[in-house]
Amino acid sequence: MSSELRWDALAGAWVAIAGARQGRPNLPEGDCAFCVGGIEAPEAYDVKAFANRWPMFAPGNPVELDPAVGHAPAHGAAEVVLYAPEHEASLVSLGPARVRRVIDLWAERTQALLQRPEVAYVLVFENRGADSGATIAHPHGQIYGFPFVPPVPAREAELAARDGCALCAEDPDERLVSQRGAWRAYVPYASAFPYGLLLAPDEHVASLGELGSDRRDELAELLVDALGRLDRLFDTPFPYMLWIHPGVHLHVHVGPPRRAAHTLRYVAAGEVGSGTLMNPVVPEVAAAALRDA
Ligand SMILES: [Zn+2]
Ligand SMILES: [Zn+2]
Ligand SMILES: [Zn+2]
């Protein structure tokens, strides 16, 4: 069964219904699909992107997304990005030079997917660790090519058009965690996540593709630094969700699902029901802890 987009008329949002994904295998450890020789990586590689075998969005002709009709095939794109052939690696352990190659691949795939008529927005993201929903430990991320601009980046773009760019106006001050060249990592003023981070350049650049070589190197260094601080903070590989928002002023969100070393932070009824997240860690306190880590 192919995936389908259904319009939730009560919430006013598209929902991707992807029943086929329930058939995804939970592969045993030691039989990794992403290690060289595995089913998804038969040949040696350095970094690698390929179409997701269990896609949320499948390739296909563009369709009119009409809320009045209420449903449409989920035509878009879904890819997997392998960061390295080493099963135990992470963006932190790879170091800046190799993370730079991942960034180049993110930029290249984003531009390639945007060429397709059925793709309106490209979201590059990573779920790190089982707490974030990663089903395979091998270092990898994903890319979704949405057939519409999804509500979160659409809202950011609307606000920037109405009020000016919030990131250009940002002064992280005591929430600053680290800096590499033009790129800064800081805890957002109203961080929705305990130990959440935002990485952004101080130049108003819209996409990875528009970033020059120096800026990409700086982003690589900052990613290694910032994610390394999360690991060191609690002396454990800290799970996180990471996603990149191009479109207005390029930035990277990092949202850990835990609020302490081994304590999950639940997003539960009061939050889902209200759309208002509650963060138990004060952003200035989180920033100080991350600076010291
Ligand atoms: Zn592996
Ligand atoms: Zn800006
Ligand atoms: Zn954003």
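These numbers come from the heavy atoms of this one structure, side chains and all, not from hydrogens, waters or symmetry mates. Just so you know, ligand 1 is whichever comes first in the structure, and atom 1 is the first atom listed for that ligand.
- The aromatic rings of His138 and Tyr45 sit tilted relative to each other, their planes meeting at an angle between 30° and 60°.
- Side-chain heavy atoms closer than 4.5 Å link hydrophobic residues (I, L, V, M, F, W, Y) into clusters, and following such links, possibly through other members, connects Tyr240 to Phe238.
- The Zn ion (ligand 1) lies at the vertex of an angle of 120° between the SG atom of Cys32 and the SG atom of Cys35 (rounded to 10°).
- Residue-level check: among N/O/S atoms of His249, ND1 sits closest to the Zn ion (ligand 2).
- Ring pair Phe146/Phe148 is perpendicular by interplanar angle, where above 60° counts as perpendicular and below 30° as parallel.
- Atom CZ of Arg155 has 12 or fewer heavy atoms from other residues, nucleotides or ligands within 6.0 Å.
- Expressed to the nearest 10°, the angle at the Zn ion (ligand 3) joining NE2 in His251 with ND1 in His245 is 110°.
- The N, O or S atom of His204 with the smallest distance to the Zn ion (ligand 2) is ND1.
- In this structure, ND1 of His138 and ND1 of His87 enclose an angle of 110° at the Zn ion (ligand 1), rounded to 10°.
- Criterion: ILVMFWY side-chain heavy atoms under 4.5 Å apart, direct or through other members. Under it, Leu208 and Val254 are part of a common hydrophobic cluster.
- Expressed to the nearest 10°, the angle at the Zn ion (ligand 2) joining SG in Cys165 with SG in Cys168 is 120°.
- Residue Asp163 qualifies as enclosed at atom CG: its count of foreign heavy atoms under 6.0 Å is above 12.
- The atom of Glu156 nearest to the Zn ion (ligand 3) is OE2, with the search restricted to N, O or S atoms.
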